[in-house]
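The structure appears below as structure tokens.
What you see is a predicted model, and the numbers here were worked out from it, not measured in a lab. Per chain, numbering begins at 1; letters A, B, ... match sequence-line order.
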Amino acid sequence: MLVNRKAPHGTIYALEALEVALVAGVFDQDVSVVFTDDGVYQLTRNQDTQVIGTKNFSRSYRALEDYGIRKLYVEQESLQARGLATSDLVVLVQVVDAKRLGELMDQQDVVLSF
Amino acid sequence: MLVNRKAPHGTIYALEALEVALVAGVFDQDVSVVFTDDGVYQLTRNQDTQVIGTKNFSRSYRALEDYGIRKLYVEQESLQARGLATSDLVVLVQVVDAKRLGELMDQQDVVLSF
Amino acid sequence: MRFAILVNAGPYTHQASDSAYRFTRAALEKGHEVLRVFFYHDGVHNGSRLSVPPQDERDLPKLWRELAERHCLDLVVCISAAQRRGLLDASEAQRHGKDAYNLSTAFRISGLGQLIEACIEADRMIVFGD
Amino acid sequence: MRFAILVNAGPYTHQASDSAYRFTRAALEKGHEVLRVFFYHDGVHNGSRLSVPPQDERDLPKLWRELAERHCLDLVVCISAAQRRGLLDASEAQRHGKDAYNLSTAFRISGLGQLIEACIEADRMIVFGD
Amino acid sequence: MAMLHTINKSPFERNALDACLRIATPGGSVLLIEDGVYAAIRGTTVADKVSTSMKRLSFYALGPDLHARGYSEAQLIDGVQVVDYSGFVDLVVNHESVQAWL
Amino acid sequence: MAMLHTINKSPFERNALDACLRIATPGGSVLLIEDGVYAAIRGTTVADKVSTSMKRLSFYALGPDLHARGYSEAQLIDGVQVVDYSGFVDLVVNHESVQAWL
């Protein structure tokens, strides 16, 4: 399981975590990707980084499915705190509350966080 | 004015900010050094970094006076939130509340923050 | 037990590299196996051979190097993270037309597959970072 | 107006270097003077000449270099921060017995006095960092 | 004299915005840049904090950083003004000094 | 299965502790390291949060990081256990998996 808790663009963690997810998909592992806290901002629509000159990788989250990664979880509490709904996101995700997210984490062999 | 808002040891900002303060003192400028938020932790007594292998620079704050830097300010609210008193600190400082600290900042030509 | 370690932050700037080093050393001293230390994000700077810290400070790239020699540790720097940040080994430097390289010989450059493989093979993966 | 800029974070890892670059360029385009850009903490990595970012990403060390050439910018990397982090110019490398250096020629290495001097001489000091 | 405060950290992740709002004196300006722009968005749990502070401080957000994060002018808290890098430079010129709350 | 959570950020500066306490399931352990150890100190504004969570989670603090920051065992919130790096390794061995709240 990969856990994303940081906003995109302000730091590189989101982009480099996405690169890990894409590689993990190739390994045919049972990979889950979690977006919580500011990590939910990674998935917002309409990102346009042209004027800040950085890479716009937000559309690449759609490619996760092609890499066999279908388990995308977003924490409900984090979405709500930021006034976001699933319709604001670039990909289809499962919305889970904090309690359920904790249970999912418990089931993992490995948790990589960025 | 140099503003320290970060804890020592977890990141290098406190140590490298201290290096700036010492150099600024040499330039015979009217230098103030502020400790607020986790920056107040930079001044706590009894720091012993031997077992983590990093540099223990906490005693060097006492050297600031030798470099002509006598204006050390600590924000009262930050001390209180952390359960600290001036007797817990390695140097004599002026304790100011947030309002007064804001006024002091307003009087500066330059504010360097780390 | 078989451990794998991920280091996500640069030496000196964050304590994370120190923590990772001390954890790794403690694990080895207790007889555990550390099958790989993977350096990602700014962690790649741990592999610099040009670092010259002040004499009264620890030399982290050197500490890693010595630990690796003593325990045959596999220290792997992520290639894409390293290229962005200007950390190259001799062959990478040549490939990109650079006349110098700065990766310590105790480290090797490889892809993210090495991280995933370590996750699969290790009993525990421990992450240190910013 | 005379600006001085302080960059406290490494390129790519934090957006701070991008912000500093874009602010500096905007200031110059509006006819202001930028008397120095000082790179401290991980900011020193902006001066790397070994950085090889992916082709679809910006090359920050190169952007700084080009901006410096166009506007005779004074790009100064802090010597103590750079030594810790393995960033050396040719003469520093020689002094420390290293057979390679990695500082771009568009940057120069100097002490913190250059930061204090910039604070004194500039009308405004703007800090970008982590 | 009026000061320009820059905040580049997310208000959900760090305490930079809180520190600035606690310490900054009335009449100053706050420019939200990088991940700091999330504080300028309407309908979040930090929006009230920003709205309330508008009596004392002027708020700006850097447009390029807003757009990079998928937000537009229409989603901002009422009263937050948007500037580009050129406007950022003007703000620096028009204030006596600048403090970055890193 | 019981999980070990590591927190290396100051609870005053970042939201890592809050996130961990919100999400971690009962029966797990929290190891405070680096600047995270400030959360283990008695008498701060975050101490109550930690005390309250002790019903659900076990708390540990890394001794070397405590001492580096000038704190001793005597200043900890009741119930926080101190370990050294060797104890850190044991905690990792004795939990099913580890999650770092960076």
Side-chain angles (χ1 to χ4, degrees), chain A residues 1-39 41-42 49 52-57 60-61 63-64 66-71 102 104-114, chain C residues 1-10 13-17 19-20 23 27 32-47 76-87 108-130:
Chain A
M1 173 181 277
L2 309 182
V3 179
N4 291 287
R5 290 186 52 248
K6 290 175 184 161
H9 311 308
T11 57
I12 202 173
Y13 298 110
L15 168 60
E16 293 191 328
L18 176 62
E19 290 178 3
V20 173
L22 295 173
V23 173
V26 174
F27 272 71
D28 213 21
Q29 292 293 300
D30 179 24
V31 180
S32 311
V33 184
V34 170
F35 301 87
T36 179
D37 290 314
D38 283 346
Y41 282 133
Q42 297 178 20
T49 60
I52 62 170
T54 65
K55 187 168 173 171
N56 186 357
F57 52 95
S60 306
Y61 292 102
L64 285 172
D66 304 331
Y67 285 77
I69 299 176
R70 288 186 182 81
K71 295 181 180 171
L104 287 168
M105 285 173 174
D106 279 353
Q107 296 164 15
Q108 307 297 318
D109 289 327
V110 172
V111 179
L112 291 183
S113 36
F114 301 95
Chain C
M1 196 169 253
R2 289 153 64 89
F3 291 151
I5 313 282
L6 173 60
V7 182
N8 285 342
T13 306
H14 294 89
Q15 200 196 332
S17 298
S19 299
F23 179 89
H32 295 293
E33 187 187 341
V34 175
L35 60 86
R36 184 165 297 148
V37 185
F38 193 86
F39 297 88
Y40 198 40
H41 305 302
D42 277 354
V44 299
H45 292 301
N46 279 281
V76 181
V77 156
C78 171
I79 187 163
S80 60
Q83 284 179 347
R84 265 193 197 102
R85 291 167 178 84
L87 206 84
R108 64 187 179 92
I109 285 196
S110 190
L112 282 169
Q114 297 280 308
L115 169 63
I116 306 302
E117 193 189 271
C119 289
I120 296 168
E121 291 180 6
D123 299 307
R124 298 284 185 280
M125 162 60 77
I126 306 104
V127 182
F128 295 89
D130 170 29

Heavy atoms, side chains only, cut-off 4.5 Å: are A:I12 and C:R84 in contact?
->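 A:I12 reaches C:R84 side chain to side chain.
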Taking side chain as C-beta onward, heavy atoms only, is A:T11 less than 4.5 Å from C:D130?
->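 Contact flag for A:T11/C:D130 side chains = no.
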Portion of [X] that has a non-hydrogen atom of chain C nearer than 4.5 angstrom:
X      : answer
A:V110 : side chain
A:V111 : backbone
A:E16  : both
A:L2   : neither

Proximity breakdown for C:L6 and chain A, heavy-atom pairs closer than 4.5 Å |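 The answer is the side chain of C:L6.
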Part of C:I120 lying under 4.5 Å from any heavy atom of chain A |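 When you check distances to chain A, only side chain atoms of C:I120 fall under 4.5 Å.
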What is the distance from atom SG of C:C119 to atom CD of A:Q29, rounded to the nearest 0.5 Å?
->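 Between C:C119 SG and A:Q29 CD, I get 9.0 Å after rounding to 0.5 Å.
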When rounded to the nearest 0.5 angstrom, what is the spacing between CD1 in C:I116 and CG in A:L112?
->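 The CD1 atom of C:I116 sits 6.5 Å away from the CG atom of A:L112.
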Heavy-atom neighbours of A:N56 CG exceed 12 at 6.0 Å =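 Correct, the count exceeds 12.
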Greater than 12 external heavy atoms within 6.0 Å of A:F27's CZ =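 Above 12, so yes.
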Non-hydrogen atoms of A:F114 and C:H41 that approach each other most closely |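 Closest approach of A:F114 to C:H41: CD2-NE2, 3.2 Å.
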Would you please say whether a donor-acceptor pair under 3.5 Å links the side chains of C:N8 and A:Y13?
->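 No - no donor-acceptor pair under 3.5 Å links their side chains.
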